[in-house]
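See structure below.
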There are 2 protein chains.
Amino acid sequence: MKPTVHDIAKSAGVSLATVDRVLNDRPGVRAVTRSKVEEAIAALGYVRDLAAANLAKGRTYSFVFILPENDNSFMIGLHEEVRGAIARSSAERTHIRIIDVPPFDPDALVDALEKVLAEKPSGVAFVAIDAPEVRAAVGRLKEAGIPTVTLVSDLPDASRDHYAGIDNIAAGRTAGSLMGRFLSGPFLAERGATVAVLAGSMLVRDHRERLEGFSSVIGESYPNVLILPVLEGRDDPALAETVVADALRRHADIAGIYSLGAGNRGLIRAVQKAGMSRRPLVIAHELTASTRAALAEGVIDAVLNQDAGHEVRSAIRVLKAKADGLPVIAGQERIRIDIFLKDNLP
Amino acid sequence: MKPTVHDIAKSAGVSLATVDRVLNDRPGVRAVTRSKVEEAIAALGYVRDLAAANLAKGRTYSFVFILPENDNSFMIGLHEEVRGAIARSSAERTHIRIIDVPPFDPDALVDALEKVLAEKPSGVAFVAIDAPEVRAAVGRLKEAGIPTVTLVSDLPDASRDHYAGIDNIAAGRTAGSLMGRFLSGPFLAERGATVAVLAGSMLVRDHRERLEGFSSVIGESYPNVLILPVLEGRDDPALAETVVADALRRHADIAGIYSLGAGNRGLIRAVQKAGMSRRPLVIAHELTASTRAALAEGVIDAVLNQDAGHEVRSAIRVLKAKADGLPVIAGQERIRIDIFLKDNLP
DNA sequence: CTGTTAGCGCGTTCAC
DNA sequence: GTGAACGCGCTAACAG
């Protein structure tokens, strides 16, 4: 039988209340008594039953997700995953709330973080914007003892407790590797090839990192590949279509396109309309309805993906663990860079 | 406040015991009373607190994992993951036990399943062998109301409740696609290329399925690629080395190797020793210490992987859910076909 | 058929 | 400082 507080009390010759004070290290216990209890705990190999403890405390975890009200498919999917978690949370003793903030707006994010701080929830998850004010706000949360998790986009050197997202440099490198290898045959040979990169904005950290990874692999391993100046589509389908169409017109020799941001609907349309004799090789991020269809049709050749559902569930698990002062299972919380070809679509 | 059994009892004008009988649909309640209670439950939107219920019941889930005592890295890793789960399970009210069985031995597996059936655990996970006796044994477990999950290798048309593993046909197709695209440049062009396939044994279903997927993609999309007769290495490094070395000697033009089973240490040695002017393109399964090193060094070009940790955790979650009659989160239980290049190694 | 009562393992008053 | 007693939400005896 697993030892309980009763066993400890008996073994240490004290009462339940004293054991409890030691367990939750509350004041009002003499050092001698305390160590007696601690010995008993160690000797019996006691592990506290968290479920029973939470029941007795009537504890309920309250988590807040701060999400940008972006209207690209990925962010919409992320919202949905959080809503799914909310729907399920009735069964677990967990309350989750979403706060929407305007995208790419550090001040709005800081405002939201401040409001959250006042509520003193059990934990906060948010899509970070890489700005000093944001880091300062996170610091205040940490001081208040509120666990924080960054979601999708990280806040380096900050005091967040965990990052639930992919390694964007590695993602960019992976894209570069695939691009280089896939191009090797039909285009590269001896002549070299030209590649376009479509980003949302170079102001966002994850986009910068992906570009960095991509460029470095191309530079190291595929010197015959020329990368054109980055196109910025602001994660907006309409704008993306325009800039891609324009680029395809001006550079008839574009052999590949790496889309490292969102707004892929526009990219897909531009490629389809271009009606080139030989389609460029396209590698994009995030598996959505449109990228999935394009992959199946052969308009896109590979999709790198981060599993939003995994990110949300992971954030919740980590926040709960941090709130309880428990360790996490590292392997379970590592967000993979999924690579999808048309052959391994889920 | 979340409604409790007390609220229902009051609202329905009955006692706690009656509410409990209805909730766990136990006999001894008049239909009228029952429906009164059910109405109250629906009206109040009651959801039972599983943690409290388990506490009261003193319930502890007991799960059994039946694993082949194979000594390849993947199976060893799988064992480790289960042991990790066992280590963690002290905190949760869960008991997990491992039964080792000789590999590729249907009778031994059936024996183990029978023994397990006698114990009446809360659930069973096992690496299936595709044989009628095994299916029959699983049927008996189902009749006894014991949830079953197949692990890594499935049992089609059987009454297992869930399969925690990858889609091996899709994995084979993915390998085929990568092989075709990666080869397109340096070799294929117009001349065509020769590819070798190394399997463990064609008697195992997952190996057969991978080959099937691989061959069909090559056949459909890369008619210039010639697949040599399958080499069987019995998942044994020494034998694998022999057969691969032999194949490389006899076919100087081998441009690619797809290793769809285990024993990759041997394959890697053979390729390294061959000292060919131009190394064949190698795609293998399962990320282990040796395949990881080979990937980093460029001896292997891509590794398809199934996350053993995910499979084990998923199996446990599913077994628990089935034992409680609860639904699972489909997205969380889908085992991905991970693709690793040297750039996205975890 | 139905209700009463005593716990499950733990946290929290209150007295002592 | 320390201990006894009650309750969290639920189940499991045992009465009636």
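In what follows, chains are A, B, ... by sequence order, proteins preceding strands, each numbered from 1.
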Sequence neighbours excluded, which residues qualify as salt bridge (Lys or Arg N to Asp or Glu O under 4.0 Å) partners of B/Arg34?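 For B/Arg34 there are no salt bridge (Lys or Arg N to Asp or Glu O under 4.0 Å) partners, ignoring immediate neighbours.
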Selection residues 5-17 of chain B - residue pairs positive for salt bridge (Lys or Arg N to Asp or Glu O under 4.0 Å), sequence neighbours left out: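 As it turns out, there is no salt bridge (Lys or Arg N to Asp or Glu O under 4.0 Å) pair with a partner in residues 5-17 of chain B once direct neighbours are skipped.
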side-chain contact (heavy atoms from CB on, under 4.5 Å) with [X]: which residues, sequence neighbours excluded?
X	value
A/Ser90	none
A/Lys322	A/Pro147, A/Asp161, A/Val318
B/Lys57	B/Asn54, B/Arg59
A/Thr33	A/Val14, A/Thr18, A/Val29, A/Arg30

Using a 4.0 Å cut-off on protein heavy atoms (strictly under), produce a 5'-to-3' string for nucleotides 7-14 of chain C with B for base contact, S for backbone-only sugar-phosphate contact, and - for none. BBBBBB--
Before giving the answer on side chain to side chain contact (heavy atoms under 4.5 Å, CB included), spell out for A/Val127 and A/Met75 the whole-Å C-alpha distance, their side-chain angles and the decisive distance to 0.1 Å. CA-CA 10 Å; A/Val127 178; A/Met75 279 302 169; 4.2 Å; yes
For B/Glu80, check side-chain hydrogen bond (donor to acceptor under 3.5 Å, both in side chains) against everything at least two apart and list the hits.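 Partners of B/Glu80 under the side-chain hydrogen bond (donor to acceptor under 3.5 Å, both in side chains) test: none.
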Among all residues two or more places apart in sequence or in another chain, which pass the side-chain hydrogen bond (donor to acceptor under 3.5 Å, both in side chains) test with A/Asp20?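 A/Asp20: side-chain hydrogen bond (donor to acceptor under 3.5 Å, both in side chains) contacts with A/Asn24, A/Arg26.
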Quick check for you: name the first and last nucleotides of DNA chain D, 5' to 3', having an atom under 4.0 Å from a heavy atom of chain A.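 From 5' to 3', the first and last contacting nucleotides are D/dG1 to D/dG9.
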Near-strand residues of residues 29-38 of chain B, defined as heavy-atom separation under 4.0 angstrom from DNA chain D: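 Going residue by residue through residues 29-38 of chain B, none turns out to have a heavy atom under 4.0 Å of DNA chain D.
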Are B/Thr60 and A/Lys2 close enough, and set up right, to give a side chain to side chain contact (heavy atoms under 4.5 Å, CB included), and what steps lead you there? CA-CA 11 Å; B/Thr60 125; A/Lys2 257 184 58 177; over 6 Å; no
Need one value for A/Val14: base, sugar-phosphate or nothing, where a base atom within 4.0 Å counts as base even if backbone is also close, heavy atoms only.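 Since only primed, P, OP1 and OP2 atoms lie under 4.0 Å of A/Val14, the category is sugar-phosphate.
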Would you say the side chain of A/Phe74 lies within less than 4.5 Å of the side chain of A/Val152, judging by non-hydrogen atoms?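 In contact.
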Could you check whether any side-chain heavy atom of A/Lys142 comes within less than 4.5 Å of a side-chain heavy atom of A/Thr148, counting everything from C-beta outward?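 A/Lys142 does not reach A/Thr148 side chain to side chain.
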Roughly what angle, to 10°, lies between the helix axis at the start of the helix from C/dC1-D/dG16 to C/dC16-D/dG1 and the one at its end, five pairs per end?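 The end-segment axes of the helix from C/dC1-D/dG16 to C/dC16-D/dG1 are tilted 50° relative to each other.
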